[in-house]
*Asks:* 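Questions regarding the structure given below will be posed in turn.
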Amino acid sequence: MLIFDQFEEFFFVYTEPAQRKQFFEFLGECLNVLSVKVILSLRVDYIHYLLECNDLSSLKIIGNDILSNNVLYKLGNFSRADAKSIIQRLTENTSFRLECALVQQLVQDLAGELGEVRPIELQVVGAQLQTKNITTLAEYRKGGTKDELVKRYLDEVVNDCGEENQQAADILLYLLTDDKGTRPLKTRAELERDLLPYFSEIPPTPLKKGGLISSTPFLRGSPQAGGSETRAKQAFEISKLDLVLEIFVQSGLVVLLPENPADRYQLVHDYIAAFIRQQQEPKLKQVMAELEKEREQRKLSDTKLNNFLKRALFGSVAAGLVLAGLAGLSWRSALEANEQRKQADINEMNALNNSSEAFFVSGQHPDALIAALKASEKLKRTPSALERSDTRMRTVATLQQAVYLKPNERKENRAFEVNTLEGHSSRVYSVGFSPDGKTLASGSEDKTVILWDLDFNGLLLSGCNLLNNYLIAHPEVLEELQSCQSPLQLAQGATVLVIQGEKLARNDDIDGAIEKFNKAQQWDNKLKFDSQPRAKEFANKGKVERLVNEGNSRLEEKKFKEALAAYTAALKFDPKAEIPTSSWNRLCRDGSLQKQAADVLPACEKAVALAREDGNIRDSRGLARALTGDTQGAIEDFEAYIAQIDDKNSKAQRQRWVKDLRAGKNPFTDAELKNLQN
């Protein structure tokens, strides 16, 4: 059995169709070996990426339909009944016995509005109950809600990191989430990079004497970082990272995924990610408020300029000397504000270059290229930065590093196809720009000097071409990189925007969906639809799906009236809602056996309407009709079943029922109904 867990990562690592095709052909060969089973485990919102392998001839064994119900299985949450059963089974033979009322309340709280219990939440809350020895409903209510128990669990893990490390631990948990409430995979280098801004602004990494930048992060206390007290403190703060990560992994809150060239870390479950995001965001806003002060100071400089000018305009002729003084001061303020803006642009480019280098060192080549392209985009739009040779040189070098293989570097070391740049055979120790910025000279230990024709726009284009498929699949990145926006890419990215909008609408985010749809139509004028009605249409589809899922959950819990109400509500939203015939039939039969035939009779009629020739479904309705006094209708349904069935015992049983019904007797005694349930 071959199991590929978190398979969505495959599409980010292998961005080229040729690479993916090779794997899917191998997958098809595996499927054609009868003794081999293949399992791809991935998030539901990435399933559509699998469609590209449907055209391969090797997948004929599954009908070239990798998303068919024959091979697609949903791994969901526990129903209320299953959760209750699991709790009882895990505790019944232990000294940690839970009061029945506590189990009932616990399942109700964990299910909440969703109506289902998340396994990870059951695990976390259960562990807290055991730690605090909470075994009764009274103790549980005194201890707080299930959200407070989860929060207490997270606080305990953070407290284990030590009082001096708690702020770093809180921030680190937040950095292991994203704005979608999911849990991205991150290397230590990425976490170090992301953690730094919460302690100070990211300074530009200095160039070595003679040219090339250092690839060693200054947080490591390297000579390139300088010896200032501030940076020593920063290095001390970030050095806590290894300790905190080790505690997170040992606690089971974070999973360590050993990979080459760098290990990656990930929160154990999306539920934890969403909870952390909700809990930590207010705290971190306070932390980031300090970093905003510098930006506010730049705004204040502009305000001062306006105030000075207003005072000058209202001054008298006698205040001419004062006006001159104010004008001079205003001019200096304006210059200072302009310099601050320029420096802010330089800092942003340095931060992006730092990010690109961190990604590159850790082997995250696509991310390294994205950061380098963003820095280059910023450079292209900032004339003041183009005038600075150090910034221009570093940004071009970072982009070139991401686009081209190094000398003697093997292509398979990169996650995607890159270009080869023939040049020096040994280490480059110095580079420099010509006065016009169009030529780069490099000196090497191989005792050669090479003049490079710097086609900056061509280098940008090469980077964009390498990321073509990734940018299409991630339109939010494509939107940031104007240099990569060709009409074809925008049109293809628009298709993804529409898919993203439909997903948002299904989750009832109408405004977010409309925004995606509008952007898609800006990128592709061939898309002709009204955004708002389309968003509402998919919002209704989402409501229908949730109602059907709710009906399924209520059916599992044997809450037949509620299940029927949910299915009926779904059909009111969409008469074509997909509710399987088997679900209607199960609702009909199980409800009848539980003496709720009158309540579920509409479900029986719906099942028969969908499959009138199915004898089993007619048999279920016959049972409901008999229990509600429709003797003739019951006889007709049982006779239809008898005509189709071959099993002698089942046929004899129905024939006896028909005989009793014709004689005015009720064959469905309590004993008979109990026997039918077994």
*Asks:* Is K541 paired with E537 through a side-chain N to carboxylate O contact shorter than 4.0 Å?
*Replies:* yes

*Asks:* Please report the closest heavy-atom contact between L102 and L137, naming both atoms and the distance.
*Replies:* CB-N, 3.8 Å

*Asks:* If I take atom CG from residue L129 and atom CG from residue L98, how far apart are they, to the nearest 0.5 angstrom?
*Replies:* 6.5 Å

*Asks:* Please determine if R188 and D242 form a salt bridge, counting it only when a charged side-chain N lies under 4.0 Å from a carboxylate O.
*Replies:* yes

*Asks:* Would you check if the side chain of S583 reaches a backbone N or O of I579 as a donor-acceptor pair within less than 3.5 Å?
*Replies:* no

*Asks:* Are any of the side-chain nitrogens in K595 or D670 under 4.0 Å away from the carboxylate oxygens of its partner?
*Replies:* yes

*Asks:* Taking all heavy atoms of L2 and all of C30, pick out the closest pair and write down the distance.
*Replies:* CD1-SG, 3.9 Å

*Asks:* Less than 4.0 angstrom from a charged side-chain N to a carboxylate O is my criterion; do E190 and R264 meet it?
*Replies:* no

*Asks:* Tell me, do L110 and L106 make a side-chain contact under 4.5 Å, heavy atoms counted?
*Replies:* yes

*Asks:* Working to the nearest 0.5 Å, report the span between NZ of K606 and OG1 of T581.
*Replies:* 9.0 Å

*Asks:* Would you check if L185 and Y265 make a side-chain contact, meaning some heavy-atom pair closer than 4.5 Å?
*Replies:* no

*Asks:* Would you mind reporting whether K561 and R554 have side-chain heavy atoms less than 4.5 Å apart?
*Replies:* no

*Asks:* May I ask you to establish whether R534 and F517 are in a cation-pi arrangement, using a distance under 6.0 Å from NZ or CZ to the six-membered ring centre and at most 45° from the ring axis?
*Replies:* yes

*Asks:* Can a side-chain donor-acceptor contact be found between S79 and D82 if the only test is distance below 3.5 angstrom?
*Replies:* yes

*Asks:* Go through the steps to decide whether E476 and K519 satisfy the test salt bridge (charged side-chain N to carboxylate O under 4.0 Å, His left out), and finish with yes or no.
*Replies:* CA-CA 10 Å; E476 66 280 359; K519 176 63 68 175; over 6 Å; no

*Asks:* Charged N to carboxylate O under 4.0 angstrom, D155 versus K151?
*Replies:* yes

*Asks:* Nearest 0.5 Å, please: how far is NZ in K559 from CG in L587?
*Replies:* 14.5 Å

*Asks:* I would like to know whether Q105 and R141 meet side-chain contact (heavy atoms from CB on, under 4.5 Å); could you show each step before the answer?
*Replies:* CA-CA 10 Å; Q105 186 65 48; R141 286 175 172 166; 3.7 Å; yes

*Asks:* Judged by atom type as modelled, is there a donor-acceptor pair below 3.5 Å linking the side chain of N507 to the main-chain atoms of D509?
*Replies:* no

*Asks:* Are the side chain of S85 and the backbone of A81 linked by a donor-acceptor contact shorter than 3.5 Å?
*Replies:* no

*Asks:* Determine the minimum heavy-atom distance between E116 and S553, stating which atoms define it.
*Replies:* OE2-OG, 3.5 Å

*Asks:* Supply the atom-to-atom distance F78 CZ to I86 CD1, rounded to the nearest 0.5 angstrom.
*Replies:* 3.5 Å

*Asks:* Ignoring hydrogens, what is the shortest heavy-atom contact between A505 and F538? Give both atom names and the distance.
*Replies:* CB-CB, 3.6 Å

*Asks:* Under 3.5 Å, is there a donor-acceptor pair between the side chain of E139 and the main chain of T135?
*Replies:* yes

*Asks:* Can a donor-acceptor pair be found, under 3.5 Å and without considering hydrogens, that links the side chain of K186 to the backbone of L175?
*Replies:* yes

*Asks:* Could you grab the distance from atom CG of D590 to atom CG of L676, nearest 0.5 Å is fine?
*Replies:* 11.5 Å

*Asks:* Can you name the closest pair of heavy atoms from D5 and S41 and give their distance?
*Replies:* OD1-OG, 3.1 Å

*Asks:* Hey, what do you get for NZ (K84) to CD (E557), rounding to the nearest 0.5 Å?
*Replies:* 10.5 Å

*Asks:* When you measure from the side chain of R183 to the backbone of L267, do you find a donor-acceptor pair of N or O atoms at a distance under 3.5 Å?
*Replies:* yes

*Asks:* ring-ring contact (aromatic ring centres under 6.0 Å, His included) for F23 and F10? Distances and angles first, verdict last.
*Replies:* CA-CA 10 Å; F23 172 80; F10 171 78; 5.0 Å; yes

*Asks:* Between S620 and N616, is there a donor-acceptor pair closer than 3.5 Å when you use the side chain of the first and the backbone of the second?
*Replies:* yes

*Asks:* Would you find more than 12 non-hydrogen atoms of other residues, nucleotides or ligands less than 6.0 Å from Q166 atom CD?
*Replies:* yes

*Asks:* Inspect the contact between E502 and R506 and indicate whether a charged nitrogen and a carboxylate oxygen are less than 4.0 angstrom apart.
*Replies:* no

*Asks:* Q677 and L593: which non-hydrogen atoms are nearest, and at how many Å?
*Replies:* NE2-O, 3.1 Å

*Asks:* Looking only at side chains, do Q594 and K558 share a donor and an acceptor under 3.5 Å apart?
*Replies:* no

*Asks:* Check step by step if side-chain contact (heavy atoms from CB on, under 4.5 Å) holds for L243 and N165.
*Replies:* CA-CA 9 Å; L243 172 64; N165 297 329; 3.4 Å; yes

*Asks:* Can you find a pair of side-chain heavy atoms, one from R589 and one from V600, that are under 4.5 Å apart?
*Replies:* no

*Asks:* Counting C-beta onward and ignoring hydrogens, is there a side-chain heavy-atom pair between L253 and L173 closer than 4.5 Å?
*Replies:* yes

